[in-house]
Amino acid sequence: MLPAEAPLVMPVQNLYGNPPGAIEVLTSPHGMLVKRMLLIALTAVIGLAASSTVRMELSRDGLDWVEMLLLVFFVPLFCWIAFGFVTSTIGFLKLITGEHPGFTALPSPASSLRHRTAVLMPVYNESVEEVFARARAMANSIAASGGAPWIDFFILSDSNPFHGKREEAAWRELAAEAPIKVYYRRREQNTARKPGNIAEWVRRFGASYECMLILDADSMMSGDTIVGMASIMEERPSIGLLQTVPMITNARTLFQRWMQFASEAYGPIASAGLLWWSGAESNFWGHNAIVRTRAFADSCGLPELPGKAPFGGHILSHDMLESALLRRRGWAVHMVMIGGSYEEFPPTIVDMAIRDRRWMQGNLQHLQLLGASGLHWTSRLHLLIGASAYLTSPGWLLLILAMIGQVASRDTGGFVTLAPPSVLALTVVLLFGPKLMGTIWMLANKERRRSFGGAGAVLRTVPLEIVLGMLLAPITMVTQTKALLGLLLGISAGWNTQARDARRITVREILPDLREHLLLGAALAATAWLDPVTALWLSPIIVGLIASPWLISVTSSEALGSRANAARFFRVPEPGIAEIPSAPKSDVSLTAGQVVEA
C-alpha cells in the first residue's frame with residue numbers, strides 16, 4: 001500500500017528571535033527593487049491625488065469629525081483599488097506587446113529528470129468517484145509524458161472511516177491498472193488539517209523524493225505540465241517553490257461559468273502584473289505547485305499561534321506563510337503562467353461565501369505574523385495584502401455610512417460635494433479599467449478572439465459580466481462584514497468538506513440568511529428622502545442587496561449555465577490537454593512552453 005519509509009526531519013520553526021541561516025544563492029531577477037518602488041509610487045500618486053481633491057472639497061468650511069472619519073476610510077480604500085489597477089495595467093502592457101516578463105523555454109519533457117517527484121493529493125471526505133477519476137486521468141497523462149519512472153502519485157486521506165473504506169477500494173482498483181505507482185494513506189486523526197497531512201508525509205517519506213507537487217482534491221494538471229515543472233526544478237536548484245496559475249475547470253452552473261469567464265478574461269493581465277513585481281518572492285496558493293522537499297522540511301514546520309481560535313491555534317492559510325518561510329531561508333519562490341493547470345470553483349455564491357469565511361480567518365491570522373523575524377519585506381507585503389483584502393468590505397460599508405452621515409450633516413450640496421467629478425471619473429477608470437484592458441487583450445489576437453467565441457460573444461458577455469459583478473459586490477460586502485464580526489466574537493469558521501456538486505438554491509431557502517442584506521438595502525433606499533442624488537449614486541448597491549436572493553438562486557442553476565453557453569455567453573478557450581477528460585479551459589496565449597526564469 002505504501003513505499004518504504006524514508007524519514008525526513010521537519011522541525012517546527014521559531015518565527016521570532018534570531019532567524020535561521022539562509023542559503024548563499026542569489027535568486028532574485030535584476031531590477032526588482034525599481035519595479036516595486038515604481039508600483040508603490042504610482043499607487044501612492046493616484047491615491048494621494050484623489051484623497052487631496054476630496055479633502056480640499058470637504059475642508060471648504062472646515063472639517064468636522066464625520067468628514068475626518070470619511071477621509072480615514074477613503075484614503076486606504078482608494079489606494080487599494082489603485083494598487084490593483086496599476087498591477088493590471090503593467091500586466092496588460094506586457095501581454096499586449098508580446099513581452100512575457102521572466103519567461104523561458106520549458107525543459108525537454110522527462111529527458112532531464114534525474115530525481116524522483118511525488119504528486120500529493122490530500123483529500124477530506126470528498127466524492128470518491130471524482131477524486132479517483134482525476135487521479136486516474138493524471139496518472140495516465142504523466143505516463144504518456146514519459147514521467148512514469150520518476151513520478152509517484154500519493155492520495156493522502158484525512159477522511160472519516162466510512163469514506164476511507166470506499167477510498168481504499170477505489171485505490172486498489174486504480175493501483176492495479178495505473179501506469180505509474182499510485183499510493184494511498186489515511187490518517188486516523190485529522191491533526192492540523194491539510195498542512196498536518198502534508199507534514200506527516202514529509203516526515204515519513206520525504207527523503208525519497210527531491211520534489212513534491214501539491215494538489216487539492218479538485219485539482220487537475222496535465223502530464224506535460226507536471227513533468228515540465230519537475231524538469232525546471234532539476235535545472236534550477238535555487239528554486240524552492242514553483243506556483244502555477246490554475247484556471248477554472250468543470251464549470252456547470254451559471255455562477256461557475258461567469259467566474260470561469262472572468263478568470264480567463266481578466267486573470268491573465270492581473271497575473272502577469274503580479275509576476276512582474278513578485279520576482280523570486282512570489283506567493284504560494286497551497287495547490288497546483290511544485291516544492292523542493294528538503295527545502296520545505298527545513299523551512300516550513302509550522303508552529304501553533306498563541307491563544308484560541310479563531311485567531312490562535314493552527315494556521316489555516318498556511319500556504320502564504322510557507323512561501324515566506326522558504327524565502328526566509330534563501331530559496332526562490334516563483335510563479336509561472338503555463339497551460340495544463342486547473343481547479344474547480346464553488347458552484348454557488350453561497351458555497352463561495354463559506355470558503356471565503358475560512359480564507360478570511362486564515363488571512364487575518366497573518367496580521368500577527370507580520371513581525372516574524374527574517375521575512376523578506378515583499379513576503380510581508382503579500383501577507384498584508386492577503387489580510388487587508390478581507391478588511392476592505394467592512395471598510396467600504398463604513399465609508400458608505402460615513403458618506404451618508406456627511407450628506408445628512410450638510411444643508412446643501414449633498415453627494416456631489418463629497419465626490420467631485422474628477423474623483424468619480426478616476427474611480428470609474430480604476431474599477432472598470434482592468435475589465436476594458438482584458439477585453440482589448442481578448443480581441444487583439446485572432447486566435448485568442450476565436451477561442452472566446454468570437455468578437456460578438458466577447459462584446460455581449462463583458463457588459464453582462466460587469467452588471468453581474470456590480471450586483472455581486474454589495475452582497476460580498478455584507479457577507480464578509482458579517483463573517484468578520486463573527487470572527488471578532490470568537491466564532492471560528494471551522495474546516496468542513498468543500499461543496500463541489502451543483503445544486504439549485506431556491507429564493508425561499510436563502511431568504512433567512514439574507515436578512516441583513518435586505519434590511520441594509522431598504523435602509524439605503526430610504527436615503528431618497530434625505531437626498532435623491534445620494535440614493536441615485538447608491539442605486540447599484542441598493543439593487544444588488546435587494547435582488548440578492550434572486551441573484552443567488554438564478555446563478556446557482558446548472559440549466560441556466562448550459563443555456564448561457566448555448567447562447568454564446570461566457571465562452572472560454574477549449575481545453576489544452578486532450579488526454580485529460582473534462583479538463584478545464586486554458587489560456588491559449590500562454591503555452592506550456594513558457595515558464596518563469598528563475
Side-chain angles (χ1 to χ4, degrees), residues 91 103 106 119-123 126 130-131 133-135 137-138 141-142 194 198 212-230 232 241-252 255-275 278 282-291 317-320 322-323 333-347 351-352 355-356 359 382 386 438 451 498 500 572-577 579-596:
F103 288 104
L106 192 72
V119 177
L120 310 182
M121 177 182 275
V123 298
E126 302 281 349
E130 293 183 7
V131 164
R134 295 185 192 104
M138 283 186 277
S141 185
I142 290 169
K194 181 179 176 179
I198 298 295
M212 54 182 182
L213 190 142
I214 302 175
L215 304 172
D216 264 354
D218 63 354
S219 296
M220 290 283 284
M221 294 186 72
S222 73
D224 284 346
T225 300
I226 292 172
V227 170
M229 292 178 70
I232 296 170
L241 187 150
L242 205 57
Q243 173 68 62
T244 67
V245 183
M247 306 307 287
I248 296 175
T249 180
N250 201 22
R252 302 181 302 278
F255 178 65
Q256 287 175 317
R257 292 183 185 276
W258 163 21
M259 292 294 107
Q260 184 182 41
F261 175 82
S263 173
E264 297 268 6
Y266 318 130
I269 63 172
S271 296
L274 177 62
L275 187 153
S278 291
S282 291
N283 225 330
F284 178 33
W285 298 330
H287 58 91
N288 293 53
I290 192 167
V291 188
S317 293
H318 55 94
D319 37 21
M320 295 177 68
E322 287 164 347
S323 62
V333 178
H334 283 283
M335 184 177 77
V336 293
M337 294 174 63
I338 55 175
S341 179
Y342 314 103
E343 64 175 337
E344 291 188 6
F345 199 82
D351 295 312
M352 182 184 72
R355 186 187 70 173
D356 219 34
W359 285 4
H382 282 301
S451 72
Q498 176 71 53
R500 308 192 196 278
V572 293
E574 290 299 318
I577 45 171
E579 71 271 18
I580 294 188
S582 301
K585 320 306 181 199
S586 66
D587 176 13
V588 297
S589 72
L590 297 172
T591 70
Q594 297 170 312
V595 298
V596 73

Apply side-chain contact (heavy atoms from CB on, under 4.5 Å) to the pair Ser219 and Met138, showing each step before the final yes or no. CA-CA 10 Å; Ser219 296; Met138 283 186 277; 5.6 Å; no
Begin from the C-alpha positions of Glu130 and Val123 and carry the test side-chain contact (heavy atoms from CB on, under 4.5 Å) through to its verdict. CA-CA 11 Å; Glu130 293 183 7; Val123 298; over 6 Å; no
Evaluation steps, side-chain contact (heavy atoms from CB on, under 4.5 Å), between Gln256 and Ile248: CA-CA 8 Å; Gln256 287 175 317; Ile248 296 175; 5.7 Å; no
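When all heavy atoms are compared, the tightest approach of Ser271 to Val245 is OG-CG1, 3.5 Å. Contact detail for Leu213 and Met221: the closest heavy-atom pair is CD2-SD, 3.6 Å. Taking each heavy atom of Glu264 and Pro573 in turn, the nearest pair found is OE1-CD, 4.0 Å. Heavy atoms only, all atoms of each residue included: Gln260 and Ala251 are closest at OE1-CB, 3.4 Å. Considering all non-hydrogen atoms of both residues, His382 and Ser278 come closest at CE1-OG, 3.5 Å. Scanning all heavy atoms of the two residues, the minimum distance from Phe284 to Leu241 falls at CG-CD1, 3.5 Å.
With Asp216 as reference, Lys194 is the one residue of Arg355, Arg134, Lys194 to meet the salt bridge (Lys or Arg N to Asp or Glu O under 4.0 Å) rule.
Proximity of Phe255 to Asp351: side-chain heavy atoms (C-beta onward) are nowhere separated by under 4.5 Å. Counting heavy atoms from C-beta on, the side chains of Val572 and Met247 never come closer than 4.5 Å. Side chains of Ser263 and Phe345 form no contact here, defined as non-hydrogen atoms less than 4.5 Å apart.
Rounding to the nearest 0.5 Å gives a distance of 12.0 Å between CE of Met335 and OG of Ser323. Between the NE2 atom of His318 and the CD1 atom of Ile198 there is a distance of 8.0 Å, given to the nearest 0.5 Å. Distance check: Ile226 CD1 to Leu215 CG gives 6.5 Å after rounding to the nearest 0.5 Å. Atom CD in Glu344 sits 4.5 Å away from atom CG in Asn250 (nearest 0.5 Å). One finds the CE atom of Met220 at 6.5 Å from the OG1 atom of Thr249 (value rounded to the nearest 0.5 Å).
In this structure, the side chain of Ser282 does not engage the main chain of Leu275 through any donor-acceptor pair within 3.5 Å. No donor-acceptor pair closer than 3.5 Å links the side chain of Ser141 to the backbone N or O of Ala137. Using a distance-only test at 3.5 Å, with no hydrogens or angles considered, a donor-acceptor pair links the side chain of Gln243 to the main chain of His287. Distance alone, capped at 3.5 Å, is enough to place a donor-acceptor pair between the Thr244 side chain and the Asn288 backbone.
Between Tyr266 and Phe261, the ring-plane angle classifies as perpendicular under the 30° and 60° cut-offs.
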